[in-house]
Each structure stands twice: as C-alpha cells, then as structure tokens.
There are 2 protein chains.
Amino acid sequence: MNPVPPNQASDAATAAHAGQSPSFRPLYQQIKALITQSLQSGEWKPGELMPSEVELAGRFKVSQGTVRKAIDELAAENLVVRRQGKGTFVATHAEERAHFRFLRLMPDEGIPHHPDNRFLDVRRMRAPAEVARLLDLKSGDAVVYIKRVQSFDGQPTILEELWLPGQLFKGLTSERLVEYKGPMYGLFESEFGTRMIRATEKIRAVGADAAASEHLQVAPGTPLLCSERVSYTYGDKAVELRRGIYSTLRHHYQNELS
Amino acid sequence: MNPVPPNQASDAATAAHAGQSPSFRPLYQQIKALITQSLQSGEWKPGELMPSEVELAGRFKVSQGTVRKAIDELAAENLVVRRQGKGTFVATHAEERAHFRFLRLMPDEGIPHHPDNRFLDVRRMRAPAEVARLLDLKSGDAVVYIKRVQSFDGQPTILEELWLPGQLFKGLTSERLVEYKGPMYGLFESEFGTRMIRATEKIRAVGADAAASEHLQVAPGTPLLCSERVSYTYGDKAVELRRGIYSTLRHHYQNELS
DNA sequence: GAGTGGTCTAGACCACCCG
DNA sequence: GGGTGGTCTAGACCACTCG
C-alpha cells in the first residue's frame with residue numbers, strides 16, 4: 001500500500017554500532033559519553049546553560065529523542081539539571097539544596113541549616129599508605145590535609161579530616177578556605193575544576209578519643225558515629241578521602257532506602 | 001504541502017488531561033497509577049510475569065511508548081523488573097540479590113552472606129504511643145512484636161525489634177517465622193500480601209545496654225549503631241517499625257551517595 | 001511569539017530469549 | 001520464528017519561561 005522510502009532511522013541506528021552484537025552499544029550511550037566529556041573538559045562550566053536538545057542533536061547528527069535519552073540519564077545521575085522552558089544546566093555544588101546531598105546528618109528537631117566552620121589545620125603532607133591506597137596514589141605523594149570542626153547552633157557536632165590529591169589542589173590554602181562562603185565542594189569545582197560526582201561511605205560506632213572528646217565537648221568514650229567517605233569525580237576517579245566523627249546527641253544520620 | 005490527517009496522537013494526549021493546565025497530568029503517569037493499582041490489588045503477584053507492553057498499550061488505549069515510560073519509572077522504583085527478551089516481572093523480596101537492599105551492614109572482609117536468625121520473642125501486644133505514632137495507628141491498637149538476634153559466622157551482630165500492624169499480619173506466629181527460609185520480607189509478601197517498597201532510616205551511636213551487651217556478647221557501654229527504620233508499602237503506608245542495634249566490630253554500614 | 005524541555009504517537013529495526 | 005523488551009527516528013502538540 002505504502003511506497004515506503006528507505007528508513008533513515010534504521011540507517012543511523014545501524015551505523016551507530018556497525019558490527020556484531022557482542023560489541024553493541026546504544027547510540028544514546030555514546031552520545032552520553034560525548035556530553036560527559038564536554039562536561040569534564042569544562043566546555044560548559046557548573047551552573048551554566050548547556051546547548052539545547054535540538055542543537056546537540058544537530059551537532060551529533062542524531063534525532064532529538066536520542067540526545068534526550070542521553071540527557072535523561074545524566075539528569076538522573078545529578079550531572080545536569082533540566083528546567084522546562086529554560087534549558088538544561090550543568091549541575092553545581094554552589095547551591096543551597098546541594099549542600100545536604102553528601103551530608104546526611106540531620107537535626108532531630110528543626111530544619112536543616114548550614115554548619116559553622118572552624119579550621120584546625122590545613123597543610124600539605126605526604127600521603128600515608130592507607131590514604132594513598134584509598135585515593136589511588138603512591139605512598140608518599142603530596143596531599144592536602146585539612147582538619148576542621150563543624151558546629152550547628154554553636155554546638156560542635158562534626159570533627160573531620162580530609163585528604164586531597166596535591167596534584168589537583170595546588171593553590172589550596174587556609175586563607176582561601178576561610179574566606180570562601182558556601183560548601184567546600186563549591187570551592188573545589190569553581191577554583192580547582194574538580195567536581196564531586198558520587199561517594200561511598202562506611203559508618204561505624206566508636207567511642208570518643210581524647211581529640212574527639214575535646215573538640216566535640218563530650219566525655220571520653222561517648223558513642224559517636226565514625227564515617228569514612230571516598231568521593232569520586234568523572235571517570236570514577238577518587239579525589240577526596242574524608243574521615244568524620246559525628247556527635248548524635250542532637251542529630252542523626254538519615255538515609256532513604258528504596 | 002502535506003494534506004496532513006488529523007493527529008490521533010494529540011487527540012489522545014488532549015483527551016488525557018482534558019482541562020486547563022493547572023490540573024495537567026501526563027498520560028504516562030496516569031497509566032503508571034493504573035498499573036500500580038493492579039500491582040497493589042495482586043492482579044499480578046510478586047515474581048510473576050506481567051502482560052507485555054503491547055498488551056497493556058491495547059488495554060489502556062495508548063501507544064506502546066506511553067506504557068513504556070510508565071513501566072520505566074516503575075522499574076526505577078524497583079516495583080518491577082524488566083528482562084529483555086522475556087518480559088516484565090513483578091519485583092519480589094524472595095530473591096538473593098534483594099536481601100541487602102534494606103540491610104546495609106556489610107562485613108569488613110569477605111563477601112556478604114545471609115545471617116542466621118534466632119527469635120527471642122514473638123507475640124501480639126498493644127502498640128505503645130511512640131510505635132503507634134510511627135506506624136500511623138491509634139495508641140493501643142494491636143501490633144505484632146518480634147525480637148531477634150542475627151549472627152554472621154556465628155557472631156551475634158544484630159539485635160532487633162520489630163512492630164507490625166496486627167490488622168495486616170493476623171496469622172503471624174513464631175513457628176511460621178522459624179520454619180520460613182529466606183528473608184522475612186519474602187514471607188510478608190507471599191503470606192500476608194504486604195510488600196515493602198521503601199524505607200527511611202535514622203542512625204545514631206549508642207552505648208551497649210544490658211540487653212545489647214548480653215545478646216551481642218560485648219562489654220556494657222561498647223559503642224554500637226542504633227537504627228530506627230520505618231518501611232512503607234503502596235501508597236506510602238507505614239507497615240513496619242524496626243529498631244536495630246548493630247555491632248560494628250567486624251561490620252560496617254555501607255552507603256552510596258550520589 | 002519564539003525557544004526550551006516534556007509528552008505522545010507510529011513505525012521500523014535490533015538484541016535477546018525460548019521452543 | 002515468534003515474542004519481548006530496547007533503540008532510534010520523525011513529527012506533532014503541550015507546558016513553561018522570558019522578552
């Protein structure tokens with residue numbers, strides 16, 4: 001009945017993998033990888049507006065639906081944010097709502113708000129073996145070490161140590177940390193071009209040692225949460241090790257399971 | 001140029017909401033709600049094969065793409081499982097891999113495996129005020145109370161109390177619990193038609209009290225994780241309260257942040 | 001009104017599974 | 001070979017935002 005013309009759609013799809021099934025990879029995943037590369041290279045910076053779907057479709061020579069599916073996944077992974085009528089934006093940690101994405105400690109009563117920061121130590125050092133292992137460095141490589149206390153409503157609640165690869169955070173000084181307003185991850189992405197994508201966290205219960213007792217103002221031996229967190233950037237590269245001690249007198253660690 | 005025929009697609013879409021934009025609701029979300037109802041009513045039971053996409057599209061009088069998007073979301077919420085070439089299945093807790101979806105306690109070394117169960121108490125009681133509040137019951141309503149210890153490699157690690165609405169779990173006895181092999185949630189869904197969809201968890205650090213000390217074989221005051229978990233079924237209805245005490249000597253609570 | 005993301009459809013073809 | 005989910009396209013229209 002229909003004098004069907006050659007199907008351009010299937011042509012593009014076929015060209016996409018162009019081979020046997022074992023090596024098959026959907027077009028939209030390849031597009032997703034390309035867009036991720038542009039994000040990583042800084043072609044579009046955090047907070048910026050990205051090209052529209054139709055524009056990207058033209059650039060990659062695929063249909064809008066295909067780049068749409070690619071962006072859908074990026075949005076699901078919190079790499080980009082879609083806003084109807086406005087466009088697609090590169091996700092950023094320099095926002096209010098992003099602050100509690102990696103910090104799951106919530107007040108038992110009242111609404112969550114930002115803690116106050118007090119830095120106890122900021123210096124460069126050589127990575128201890130354990131730190132090097134978790135950050136995928138060589139033992140003895142340069143790392144930036146940070147130690148700080150975070151307080152909610154004047155109550156010291158978090159005692160935390162961080163290690164960052166020295167290579168990536170060259171100009172990171174105590175002054176820069178103190179004067180920066182907002183979450184540390186905002187500073188990392190705007191000043192050092194390193195964006196935290198995801199993290200894994202391991203939690204234990206420990207008794208307060210002398211340091212924890214002093215800085216969190218609790219009796220020695222008080223039960224505290226102990227968190228070890230490794231954060232990753234593009235390409236699943238570990239770029240931060242964080243060891244935190246949380247007081248759960250007036251706060252709790254909150255998790256959603258699904 | 002084109003003698004375009006009336007667009008059936010837009011007709012269906014328009015008919016879908018049929019009103020002003022404030023009350024707009026996408027067709028695929030309505031389909032999703034209908035499918036969810038069928039899941040809830042037990043039209044398709046956990047583990048069973050669901051009708052194919054084309055069949056559902058026919059039933060609901062929409063395109064395959066629309067039911068596809070609906071099922072995509074259900075799959076993302078772990079309500080169904082898609083298997084290419086086979087079909088879409090109702091998700092079930094009676095599987096190996098589902099066992100650690102809600103239990104995030106992992107061994108420091110070695111691979112995760114199932115704990116051994118020892119029930120200390122199973123009985124019906126009246127809900128204390130706090131339990132009633134969290135389960136959205138009236139204080140004094142009947143609840144099933146369960147207390148148990150779970151051991152890994154012979155090491156008692158979890159001391160746990162559960163409260164379940166008596167209304168929903170009428171025939172739940174100690175014998176039935178003991179003889180059932182596999183995760184408790186498997187028993188709940190197969191015998192009582194109650195499927196856990198999601199849960200919220202709050203975690204604190206506490207010192208071992210007399211009971212914890214005895215059952216977990218640790219010294220009194222030993223720091224332990226304390227978890228309070230509320231699980232929900234369809235319609236965000238709370239159907240389980242669980243309070244667990246975890247020993248983190250050889251295990252840790254693992255979380256993925258993204 | 002123009003531009004963006006969001007929805008919906010129809011149709012083709014592909015990868016996968018099973019009898 | 002037939003059925004299922006998975007990919008890709010093209011095109012229409014809708015909801016939202018902004019100048």
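Sequence lines set the chain letters: A, B, ... in the order given, protein chains first and strands last, and positions in each chain run from 1. Remember, predicted model here, so these are calculated numbers, not experimental data.
- With sequence neighbours left out, the salt bridge (charged side-chain N to carboxylate O under 4.0 Å, His left out) criterion links A:E160 to A:R148, A:R242.
- Side-chain atoms of B:E53 lie closest to D:dG5 of the nucleotides D:dG5, C:dG6, C:dT4.
- Nucleotide D:dT4 holds its P atom 13 Å from the CZ atom of B:R68, rounded to whole Å.
- Pairs passing the ring-ring contact (aromatic ring centres under 6.0 Å, His included) check and including a residue from residues 70-98 of chain B, sequence neighbours excluded, read B:H93-B:F102, B:H93-B:Y185.
- Atom CD in A:Q64 sits roughly 12 Å away from atom C1' in D:dA12 (whole-Å rounding).
- If you measure from atom CE of A:M50 to atom C1' of C:dG3, you get 16 Å, rounded to the nearest angstrom.
- B:S231 approaches B:A199 most closely through the heavy-atom pair OG-CB, 3.7 Å.
- Whole-Å rounding puts the A:F89 CZ to C:dG3 P distance at 17 Å.
- Distance NZ (A:K32) to P (D:dT7): 11 Å, rounded to an integer number of Å.
- In this structure, A:R82 reaches the C:dG6 phosphate: one of its side-chain N or O atoms is under 4.0 Å from OP1 or OP2.
- Taking only side-chain nitrogens and oxygens, B:T88 comes nearer than 4.0 Å to OP1 or OP2 of D:dG5.
- When the nearest nucleotides of DNA chain D are assigned to B:G87 and A:Q29 by heavy-atom distance, the more 5′-ward of the two goes with B:G87.
- Remark: A:E191 engages A:R176 in a side chain to side chain donor-acceptor pair (under 3.5 Å) (not counting sequence neighbours).
- Rounding to whole angstrom units, CD1 of residue B:I31 and P of C:dT7 are separated by 14 Å.
- Distances from the side chain of A:V54 to the nucleotides C:dT4, D:dT4, D:dT7 place C:dT4 closest.
- Ion pair A:K202/A:E228 not flagged as a salt bridge, since none of the NZ, NE, NH1 or NH2 atoms sits closer than 4.0 Å to an Asp/Glu carboxylate oxygen.
- For the side chain to side chain donor-acceptor pair (under 3.5 Å) test, no residue two or more places apart in sequence or in another chain qualifies with A:D116.
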- Task: Begin from the C-alpha positions of A:E201 and A:R243 and carry the test salt bridge (Lys or Arg N to Asp or Glu O under 4.0 Å) through to its verdict.
- Result: CA-CA 10 Å; A:E201 194 173 34; A:R243 288 205 173 116; over 6 Å; no

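- A sub-4.0 Å separation between OP1 or OP2 of D:dG3 and a side-chain N or O of B:S52 is absent.
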What's touching nucleotides 17-19 of chain C from the protein side, N or O pairs under 3.5 Å?
residue	atom	partner	partner atom	Å
C:dC18	OP1	B:K86	NZ	3.3

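- Scanning residues 69-79 of chain A for heavy-atom distances under 4.0 Å to DNA chain C yields an empty list.
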Check your understanding: Under the ring-ring contact (aromatic ring centres under 6.0 Å, His included) criterion, do A:H251 and A:F152 qualify, and how do the steps go?
Key -> CA-CA 10 Å; A:H251 294 75; A:F152 294 90; 4.7 Å; yes

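- As rounded to whole Å, 13 Å separates atom C1' of C:dC14 from atom OH of A:Y28.
- Under the 30°/60° scheme for interplanar angles, the aromatic rings of B:F100 and B:H114 are found to be tilted.
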